[in-house]
Number of protein chains: 2
Amino acid sequence: MNPSVLVVEDDRALCELLTWNLSAEGYQVRSTGDGEEALLMVQEQHPDAIILDWMIEHVPGIEVCRQLRKDKETAQIPILMLTARGEEEDMIRGFKTGADDYVTKPFSPRELLARIEALLRRARPSLAGSVLQWGDIELDVTSHRVRRGGEALHLGPTEFRLLRYFMERPNRVVSRQQILDGVWGMDSDIDERTVDVHIRRLRKAINRANDTDPIRTVRAAGYAMDVS
Amino acid sequence: MNPSVLVVEDDRALCELLTWNLSAEGYQVRSTGDGEEALLMVQEQHPDAIILDWMIEHVPGIEVCRQLRKDKETAQIPILMLTARGEEEDMIRGFKTGADDYVTKPFSPRELLARIEALLRRARPSLAGSVLQWGDIELDVTSHRVRRGGEALHLGPTEFRLLRYFMERPNRVVSRQQILDGVWGMDSDIDERTVDVHIRRLRKAINRANDTDPIRTVRAAGYAMDVS
DNA sequence: GAACAATGTCACTTTTTTGTCATGGAAGTG
DNA sequence: CACTTCCATGACAAAAAAGTGACATTGTTC
């Protein structure tokens, strides 16, 4: 699944330029020119990153940023602030509010793309190299291969996505609903218990005799994959 | 412990300027003008972030960056590249190599500080999560783990929420009703005595032999967790 | 079209957690 | 000290949560 980016920009020409460039790089792009709408869009489907103009309608960009940071669900989404002003004070304020990067117009699209990529690399480790690691487990994102201690493992598609989901979020406890959203997709009406079953299948597939189980069950909360 | 930053810059004046500014912000700063030495310094003591000039002696900055990214131990350290050139190609290359941010000279020290802060904010919690502390007790909210003196403790779901509730309100005496509202939820018709039982279970779980009990009973009022 | 793999559910078991109660002890009160 | 309140504790049954094996369904491969 390609990373998704939300563009919040009310200059239509610029918005289209950004959308086009990002799409060309393979991102899934959605856009809006309205701050309030942006918040709703983030709520309903968390993007992997947000490009946020400072001067937009209804709600100023910095306020959008503040709102997003306040909510635990959205606090970790990387935000790149975009502004016409070159004033230092604004930039400092942007960073203090929780922005991760700050670009002033006019900017080069390629620079913006590079910066977005850098942000995503931080937030989603799978984009850094194509190989994720956990102890002796290696997961190659591009070739869809998983190995443990050099030996190839066979995982079903869902198990693969599930394992990848965990490896991208080391140490983090995720609820069954979050897992469903992330692995099955936002709009799946699948029973939460089904997650348990797939967790078992995943465990069975990756744990050979006397391997330590990387997946920790957290009662009443979900599951997590701890760093080894 | 304050975050540590390594400054790699061969222009002595600029290096001092950076060092001075960072120190004033409370960072622990070390510096060098040599690429090779920089690698050694990182090896011997991982800094929390690195400011790296592109043009330095012996080993060019981008090569240092590449080396650091290759080693699993240092791959996660945020790097801010610094350069005199304003050329786009260089910047793209910097990002591709794994830099997290890229600032061209001349720059404002305050901007640099803001960017470093943003990098640290993002890089740190991904590993540590938000950790609450009380003396030697650590509670990690995102990974749902509790430790005392380094040793992992096992708490049930309710005990975990209860401990978190107290750690978020140090020094405050809370009534049983407040605890029920905060830990069980506003609309729970549970006996107030039940709180006592869970307090006991929590005490039992976190107090090993000759530990001091962090929870103070306040007769006729409730309970409180004092700062140690 | 047969064989096979993957997937979502269900029923059932096992394990852990939780709320309540009865009892005893400690702390305040007059 | 006698008395009342309030809290600590151990036990226990009920409930909740997670683990497990089996099965029907749906595609896919050959």
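Just so it is clear: chains get the letters A, B, ... in the order the sequence lines come, proteins before strands, and each one is counted from 1.
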- Message: How many whole angstroms separate atom CZ of B:Arg193 from atom P of D:dA11?
- Response: 20 Å
- Nearest-angstrom distance from the residue atom CG of B:Leu162 to P of C:dT17: 15 Å
- Query: Parallel under 30°, tilted from 30 to 60°, perpendicular over 60°: which one fits the rings of B:His144 and B:Phe160?
  - Reply: parallel
- Message: For a quick check under 3.5 Å, do B:Asn2 and B:Ser4 share a side-chain donor-acceptor pair by atom type?
- Response: no
- Task: Scan A:Phe160 against the nucleic acid and name what it touches under 4.0 Å (heavy atoms): base, sugar-phosphate only, or nothing.
- Result: nothing
- Query: Does D:dG19 have OP1 or OP2 sitting under 4.0 Å from an N or O in the side chain of A:Tyr223?
  - Reply: yes
- Message: I want to check one thing: is the phosphate of C:dG19, taken as OP1 and OP2, less than 4.0 Å away from some side-chain N or O of B:Trp184?
- Response: yes
- Message: For B:Glu168, is there an ion pair with B:Arg164 - N to carboxylate O distance below 4.0 angstrom?
- Response: yes
- Whole-Å distance between C:dT7 P and A:Leu155 CG? 10 Å
- Check each of A:Leu139, A:Val146, A:Val141 against A:Met167 using the side chain to side chain contact (heavy atoms under 4.5 Å, CB included) test, and report the only one that passes. A:Leu139
- Message: If you only use heavy atoms from C-beta on, which nucleotide in C:dT7, D:dA18, D:dA8 is closest to the side chain of B:Asp196?
- Response: D:dA8
- Side chains of A:Arg203 and A:Thr217: is there a donor and an acceptor less than 3.5 Å apart? yes
- Item | Donor-acceptor pair under 3.5 Å, B:Arg200 side chain vs D:dG10 base | yes
- Item | Side-chain donor/acceptor of B:Glu25 to backbone N/O of B:Tyr27, under 3.5 Å | no
- Message: Between P on C:dT20 and CD1 on B:Ile190, what's the gap in Å once rounded to a whole number?
- Response: 6 Å
- Is any side-chain nitrogen or oxygen of B:His154 closer than 4.0 Å to OP1 or OP2 of C:dT17? yes
- Message: Under 3.5 Å, is there any donor-acceptor pair linking the side chain of B:Arg201 to the base of D:dG10?
- Response: no
- note: B:Glu159, atom CD; C:dT17, atom C1'; distance rounded to Å ~ 8 Å
- Query: Do any side-chain nitrogens or oxygens of A:Arg176 fall under 4.0 Å of OP1 or OP2 in D:dA17?
  - Reply: no
- Message: Please classify the nucleic acid contact of A:Val218 as base, sugar-phosphate, or nothing, using heavy-atom distances under 4.0 Å.
- Response: sugar-phosphate
- Per the atom types in the model, does the base of D:dA17 pair as donor or acceptor with the side chain of A:Arg219 at under 3.5 Å? yes
- Query: Can you find a side chain N or O atom of A:Thr158 that sits less than 4.0 Å from OP1 or OP2 on C:dA6?
  - Reply: no
- Message: Using whole Å, what does the distance between atom P of nucleotide D:dT20 and atom CG of A:Leu202 come to?
- Response: 13 Å
- Message: Here's a test of your reading of the structure: between A:Gly222 and B:Thr217, which maps to the more 5' nucleotide of DNA chain D?
- Response: B:Thr217
- Side chain of B:Val197 only, please: which of D:dG10, D:dA8, C:dT9 is the nearest? D:dG10
- Message: Nearest whole Å is fine: how far is C:dG8 C1' from A:Asp189 CG?
- Response: 11 Å
- Between B:Ile179 (CD1) and D:dC7 (P), how many Å, whole number? 11 Å
